[in-house]
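Okay, structure first, notes after.
It should be emphasised that the depicted structure is a prediction, and the values quoted were computed from it without experimental measurement. Just follow the structure's listing: the first ligand is 1, and inside any ligand the first atom is 1. We count residues from 1, following the sequence as given.
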Amino acid sequence: MKTPTSTRREALSIIAGGATLAFSPAGLANSKRPLSKLRFLVVSDTHLGYKNSTSAEKRWIQAAAELKSASGDLVLHLGDIVDGGREEQYEVYLREREKIGKPVYEIPGNHDPLDLFRKHIRKQVDVAVDHEWLKFVLVSNAHTDSHDGFITDAQLQWIESQCVAAKEQQQYVMLCLHVPVHSNRHPDRGWHVKPEHGQTKLYDIIACHKQQIVAMIHGHFHNGIRGWKDDDGIHEICLPAVLYNLDRGLEKQKAAGYNPLEFRPGYTMVTIDKGLMTLDYKPLGADVSINKKCEFVHDG
Ligand SMILES: [Zn+2]
(Lines give C-alpha, C1' and ligand atoms only; values in the text may rest on other atoms or scores of the structure.)
Protein backbone atom coordinates (compact mmCIF):
# COMPACT_ATOMS: atom_id res chain seq x y z
CA MET A 1 0.00 0.00 0.00
CA LYS A 2 1.48 3.33 -1.01
CA THR A 3 1.51 6.21 1.37
CA PRO A 4 0.15 9.44 -0.05
CA THR A 5 3.68 10.89 0.19
CA SER A 6 5.21 8.25 -2.04
CA THR A 7 2.34 8.65 -4.48
CA ARG A 8 3.03 12.34 -4.73
CA ARG A 9 6.75 11.75 -5.15
CA GLU A 10 6.09 9.27 -7.91
CA ALA A 11 3.81 11.71 -9.68
CA LEU A 12 6.45 14.42 -9.50
CA SER A 13 9.07 12.09 -10.93
CA ILE A 14 6.75 11.51 -13.87
CA ILE A 15 6.61 15.25 -14.51
CA ALA A 16 10.39 15.43 -14.24
CA GLY A 17 10.63 12.55 -16.71
CA GLY A 18 8.94 14.64 -19.34
CA ALA A 19 6.00 12.29 -19.79
CA THR A 20 3.70 15.23 -20.32
CA LEU A 21 4.83 15.98 -23.86
CA ALA A 22 2.25 13.85 -25.63
CA PHE A 23 -1.27 15.01 -26.21
CA SER A 24 -4.04 13.12 -24.51
CA PRO A 25 -4.12 10.09 -24.66
CA ALA A 26 -2.14 9.08 -27.70
CA GLY A 27 -2.02 5.42 -26.68
CA LEU A 28 -5.74 5.11 -27.31
CA ALA A 29 -5.13 5.47 -31.01
CA ASN A 30 -1.80 3.68 -30.92
CA SER A 31 -1.86 0.56 -33.04
CA LYS A 32 1.00 -0.93 -31.02
CA ARG A 33 -1.44 -1.85 -28.28
CA PRO A 34 -4.97 -2.24 -29.65
CA LEU A 35 -7.60 -1.85 -26.97
CA SER A 36 -10.86 -3.74 -26.92
CA LYS A 37 -13.96 -1.78 -27.92
CA LEU A 38 -15.82 -0.49 -24.88
CA ARG A 39 -19.42 0.56 -24.63
CA PHE A 40 -21.21 1.93 -21.60
CA LEU A 41 -24.31 4.00 -20.85
CA VAL A 42 -24.58 7.27 -18.98
CA VAL A 43 -27.63 8.78 -17.30
CA SER A 44 -27.77 11.88 -15.19
CA ASP A 45 -30.11 14.19 -13.31
CA THR A 46 -33.13 11.99 -12.76
CA HIS A 47 -34.33 14.40 -10.00
CA LEU A 48 -36.90 11.97 -8.62
CA GLY A 49 -39.67 13.79 -6.77
CA TYR A 50 -39.22 16.96 -8.87
CA LYS A 51 -42.03 19.41 -8.11
CA ASN A 52 -43.65 16.71 -5.97
CA SER A 53 -45.09 15.13 -9.08
CA THR A 54 -44.54 11.72 -10.65
CA SER A 55 -43.18 13.14 -13.93
CA ALA A 56 -39.54 12.42 -12.99
CA GLU A 57 -40.46 8.92 -11.84
CA LYS A 58 -42.13 8.21 -15.18
CA ARG A 59 -39.02 9.32 -17.04
CA TRP A 60 -36.77 7.16 -14.87
CA ILE A 61 -39.04 4.14 -15.35
CA GLN A 62 -38.74 4.61 -19.10
CA ALA A 63 -34.99 5.28 -19.00
CA ALA A 64 -34.34 2.19 -16.84
CA ALA A 65 -36.39 0.02 -19.22
CA GLU A 66 -34.36 1.31 -22.17
CA LEU A 67 -31.07 0.82 -20.32
CA LYS A 68 -32.04 -2.78 -19.67
CA SER A 69 -32.27 -3.56 -23.38
CA ALA A 70 -29.53 -1.19 -24.57
CA SER A 71 -26.12 -2.65 -25.33
CA GLY A 72 -23.49 -1.50 -22.87
CA ASP A 73 -21.43 -3.13 -20.16
CA LEU A 74 -22.38 -0.83 -17.32
CA VAL A 75 -24.30 2.31 -16.44
CA LEU A 76 -23.01 5.50 -14.85
CA HIS A 77 -25.35 7.95 -13.10
CA LEU A 78 -23.72 11.36 -12.91
CA GLY A 79 -25.72 12.74 -10.00
CA ASP A 80 -28.91 14.41 -8.84
CA ILE A 81 -30.59 11.06 -8.38
CA VAL A 82 -33.42 12.63 -6.37
CA ASP A 83 -34.61 16.22 -6.28
CA GLY A 84 -33.99 18.35 -3.20
CA GLY A 85 -32.83 15.47 -1.00
CA ARG A 86 -36.25 13.73 -0.98
CA GLU A 87 -35.21 10.62 0.90
CA GLU A 88 -38.23 8.48 0.03
CA GLN A 89 -37.32 8.83 -3.66
CA TYR A 90 -34.15 6.74 -3.31
CA GLU A 91 -36.44 3.72 -2.98
CA VAL A 92 -38.12 4.65 -6.26
CA TYR A 93 -34.70 4.99 -7.84
CA LEU A 94 -33.43 1.65 -6.56
CA ARG A 95 -36.63 -0.18 -7.51
CA GLU A 96 -36.10 0.64 -11.21
CA ARG A 97 -32.30 0.39 -11.03
CA GLU A 98 -32.63 -3.25 -10.05
CA LYS A 99 -34.49 -4.01 -13.26
CA ILE A 100 -31.64 -2.75 -15.47
CA GLY A 101 -29.64 -5.95 -15.06
CA LYS A 102 -26.28 -4.19 -15.49
CA PRO A 103 -23.88 -2.78 -12.91
CA VAL A 104 -24.81 0.84 -12.10
CA TYR A 105 -22.38 3.30 -10.48
CA GLU A 106 -23.57 6.65 -9.15
CA ILE A 107 -21.98 9.88 -8.04
CA PRO A 108 -23.90 12.32 -5.83
CA GLY A 109 -25.17 15.63 -7.19
CA ASN A 110 -26.00 18.81 -5.33
CA HIS A 111 -29.53 17.42 -4.78
CA ASP A 112 -28.19 14.28 -3.10
CA PRO A 113 -27.15 14.96 0.52
CA LEU A 114 -24.03 12.87 1.23
CA ASP A 115 -25.53 11.17 4.29
CA LEU A 116 -28.47 9.97 2.18
CA PHE A 117 -26.20 8.92 -0.65
CA ARG A 118 -24.11 6.87 1.81
CA LYS A 119 -27.24 5.37 3.36
CA HIS A 120 -29.04 4.40 0.15
CA ILE A 121 -26.47 4.16 -2.61
CA ARG A 122 -22.91 3.45 -1.41
CA LYS A 123 -21.03 3.84 1.86
CA GLN A 124 -17.81 4.90 0.18
CA VAL A 125 -18.60 7.89 -2.00
CA ASP A 126 -15.39 8.45 -4.00
CA VAL A 127 -14.45 5.19 -5.67
CA ALA A 128 -12.56 3.92 -8.70
CA VAL A 129 -14.23 1.27 -10.84
CA ASP A 130 -12.02 -0.79 -13.14
CA HIS A 131 -13.61 -2.02 -16.32
CA GLU A 132 -11.22 -3.79 -18.69
CA TRP A 133 -8.66 -1.14 -19.67
CA LEU A 134 -10.64 1.81 -18.31
CA LYS A 135 -10.70 3.12 -14.77
CA PHE A 136 -13.76 5.22 -13.89
CA VAL A 137 -12.76 7.62 -11.13
CA LEU A 138 -15.99 8.72 -9.43
CA VAL A 139 -15.61 11.91 -7.42
CA SER A 140 -18.18 13.74 -5.31
CA ASN A 141 -17.74 17.47 -6.02
CA ALA A 142 -21.21 18.88 -5.32
CA HIS A 143 -22.48 20.68 -2.22
CA THR A 144 -26.20 20.81 -1.46
CA ASP A 145 -26.06 24.59 -0.86
CA SER A 146 -24.30 25.59 -4.08
CA HIS A 147 -24.39 25.05 -7.83
CA ASP A 148 -20.61 25.29 -7.99
CA GLY A 149 -18.24 22.36 -7.61
CA PHE A 150 -15.65 21.82 -4.89
CA ILE A 151 -12.71 19.39 -4.82
CA THR A 152 -10.74 19.03 -1.58
CA ASP A 153 -6.97 18.59 -1.37
CA ALA A 154 -7.51 15.03 -0.11
CA GLN A 155 -9.66 14.29 -3.16
CA LEU A 156 -7.07 15.83 -5.48
CA GLN A 157 -4.38 13.64 -3.98
CA TRP A 158 -6.60 10.59 -4.39
CA ILE A 159 -7.40 11.47 -8.02
CA GLU A 160 -3.68 11.80 -8.72
CA SER A 161 -2.99 8.44 -7.07
CA GLN A 162 -5.62 6.86 -9.33
CA CYS A 163 -3.92 8.33 -12.41
CA VAL A 164 -0.59 6.92 -11.22
CA ALA A 165 -2.20 3.53 -10.58
CA ALA A 166 -3.77 3.57 -14.04
CA LYS A 167 -0.39 4.18 -15.61
CA GLU A 168 1.14 1.29 -13.68
CA GLN A 169 -1.73 -0.97 -14.73
CA GLN A 170 -1.61 0.27 -18.34
CA GLN A 171 -5.11 1.60 -17.99
CA TYR A 172 -6.83 4.82 -18.97
CA VAL A 173 -8.94 7.05 -16.74
CA MET A 174 -12.39 8.52 -17.11
CA LEU A 175 -12.98 11.25 -14.52
CA CYS A 176 -16.63 11.55 -13.43
CA LEU A 177 -17.82 14.54 -11.37
CA HIS A 178 -21.33 16.01 -11.16
CA VAL A 179 -20.37 19.67 -11.51
CA PRO A 180 -18.20 20.59 -14.52
CA VAL A 181 -14.68 21.83 -13.91
CA HIS A 182 -14.45 23.88 -17.13
CA SER A 183 -14.98 27.61 -16.71
CA ASN A 184 -18.18 28.91 -18.25
CA ARG A 185 -20.44 31.88 -17.85
CA HIS A 186 -23.57 33.38 -19.37
CA PRO A 187 -25.13 32.21 -21.71
CA ASP A 188 -23.91 28.96 -20.07
CA ARG A 189 -25.03 28.11 -16.57
CA GLY A 190 -21.93 29.63 -15.04
CA TRP A 191 -21.63 26.75 -12.60
CA HIS A 192 -18.23 25.08 -12.30
CA VAL A 193 -15.30 24.38 -10.01
CA LYS A 194 -13.81 27.82 -9.40
CA PRO A 195 -10.00 28.16 -9.44
CA GLU A 196 -9.72 28.37 -5.65
CA HIS A 197 -12.05 25.40 -5.13
CA GLY A 198 -9.79 22.88 -6.84
CA GLN A 199 -9.97 23.81 -10.53
CA THR A 200 -6.38 25.04 -10.80
CA LYS A 201 -4.96 22.09 -8.89
CA LEU A 202 -7.03 19.54 -10.80
CA TYR A 203 -5.89 20.99 -14.13
CA ASP A 204 -2.28 20.69 -12.91
CA ILE A 205 -2.87 17.01 -12.19
CA ILE A 206 -4.60 16.50 -15.53
CA ALA A 207 -1.70 18.17 -17.34
CA CYS A 208 0.69 15.66 -15.72
CA HIS A 209 -1.42 12.63 -16.54
CA LYS A 210 -3.01 13.67 -19.79
CA GLN A 211 -1.74 10.59 -21.58
CA GLN A 212 -3.74 8.49 -19.19
CA ILE A 213 -7.03 10.41 -19.25
CA VAL A 214 -9.71 9.75 -21.85
CA ALA A 215 -12.17 12.41 -20.73
CA MET A 216 -13.84 14.13 -17.82
CA ILE A 217 -17.64 13.81 -17.77
CA HIS A 218 -20.35 15.59 -15.80
CA GLY A 219 -24.08 16.02 -15.33
CA HIS A 220 -25.72 19.07 -13.71
CA PHE A 221 -26.24 21.24 -16.80
CA HIS A 222 -29.51 19.84 -18.25
CA ASN A 223 -28.16 21.10 -21.54
CA GLY A 224 -27.97 18.04 -23.78
CA ILE A 225 -24.38 17.26 -24.77
CA ARG A 226 -22.39 20.33 -23.80
CA GLY A 227 -18.65 19.95 -24.10
CA TRP A 228 -15.30 21.63 -24.43
CA LYS A 229 -11.96 20.53 -25.81
CA ASP A 230 -9.42 23.23 -25.18
CA ASP A 231 -6.25 23.09 -27.28
CA ASP A 232 -4.08 21.98 -24.39
CA GLY A 233 -6.79 20.19 -22.43
CA ILE A 234 -8.76 16.96 -22.35
CA HIS A 235 -12.35 16.36 -23.44
CA GLU A 236 -14.69 17.80 -20.78
CA ILE A 237 -18.33 16.99 -21.38
CA CYS A 238 -21.65 17.56 -19.60
CA LEU A 239 -24.06 14.78 -20.59
CA PRO A 240 -27.85 14.92 -21.06
CA ALA A 241 -30.31 14.80 -18.19
CA VAL A 242 -33.04 12.18 -18.00
CA LEU A 243 -35.57 14.66 -16.58
CA TYR A 244 -35.26 17.60 -18.99
CA ASN A 245 -32.72 19.49 -21.09
CA LEU A 246 -32.90 23.11 -22.19
CA ASP A 247 -31.67 24.86 -25.29
CA ARG A 248 -29.70 27.85 -24.04
CA GLY A 249 -28.90 29.01 -27.58
CA LEU A 250 -25.19 28.39 -27.06
CA GLU A 251 -24.34 27.53 -30.67
CA LYS A 252 -26.24 30.58 -31.94
CA GLN A 253 -24.39 32.76 -29.48
CA LYS A 254 -21.05 31.23 -30.48
CA ALA A 255 -20.17 30.06 -26.98
CA ALA A 256 -16.85 28.24 -26.72
CA GLY A 257 -17.01 24.45 -27.15
CA TYR A 258 -19.95 22.57 -28.62
CA ASN A 259 -23.60 21.95 -27.85
CA PRO A 260 -25.38 19.91 -30.54
CA LEU A 261 -29.04 20.80 -31.01
CA GLU A 262 -30.85 18.01 -29.20
CA PHE A 263 -32.59 18.70 -25.93
CA ARG A 264 -35.13 15.94 -25.39
CA PRO A 265 -34.90 13.96 -22.13
CA GLY A 266 -32.47 11.12 -22.71
CA TYR A 267 -29.25 9.36 -21.96
CA THR A 268 -25.93 8.73 -23.67
CA MET A 269 -24.37 5.62 -25.16
CA VAL A 270 -20.59 5.97 -25.09
CA THR A 271 -18.44 3.87 -27.41
CA ILE A 272 -14.65 3.94 -27.37
CA ASP A 273 -13.08 2.14 -30.27
CA LYS A 274 -9.86 2.53 -32.25
CA GLY A 275 -8.87 5.77 -30.61
CA LEU A 276 -12.24 7.43 -31.07
CA MET A 277 -14.94 8.11 -28.49
CA THR A 278 -18.48 8.44 -29.83
CA LEU A 279 -21.32 9.90 -27.78
CA ASP A 280 -24.72 8.76 -29.05
CA TYR A 281 -27.53 10.92 -27.64
CA LYS A 282 -30.51 8.63 -27.11
CA PRO A 283 -33.71 10.61 -26.49
CA LEU A 284 -36.23 8.56 -24.47
CA GLY A 285 -38.64 6.77 -26.80
CA ALA A 286 -36.83 7.92 -29.96
CA ASP A 287 -33.87 6.95 -32.09
CA VAL A 288 -30.31 8.15 -31.49
CA SER A 289 -30.19 11.64 -32.96
CA ILE A 290 -26.66 12.90 -32.37
CA ASN A 291 -23.34 11.10 -32.78
CA LYS A 292 -20.71 13.34 -31.27
CA LYS A 293 -17.22 12.13 -32.13
CA CYS A 294 -14.40 12.95 -29.75
CA GLU A 295 -10.97 12.41 -31.21
CA PHE A 296 -7.64 12.00 -29.49
CA VAL A 297 -4.70 13.81 -30.96
CA HIS A 298 -1.38 12.07 -31.47
CA ASP A 299 1.77 13.66 -30.23
CA GLY A 300 3.03 15.46 -33.32
ZN1 LIG B 1 -26.96 19.31 -10.22
*Can a donor-acceptor pair be found between the side chains of His178 and Asp80 at a distance below 3.5 Å?*
yes
*His47 side chain to His222 side chain, donor-acceptor N/O pair below 3.5 angstrom*: yes
*Quick one: does NZ or CZ of Lys135 land under 6.0 Å from the six-membered ring centre of Tyr172, within 45 degrees of the ring axis?*
no
_Under a plain distance cut-off of 3.5 Å, with no hydrogens placed, do Thr46 and His77 share a side-chain donor-acceptor pair?_
yes
*Is there an N/O/S atom in His178 that lies less than 2.8 Å from the Zn ion (ligand 1)?*
yes
*Would you name the N/O/S atom of Asp80 that lies closest to the Zn ion (ligand 1)?*
OD2
*Looking at the Zn ion (ligand 1), which N/O/S atom of His220 is the nearest one?*
ND1
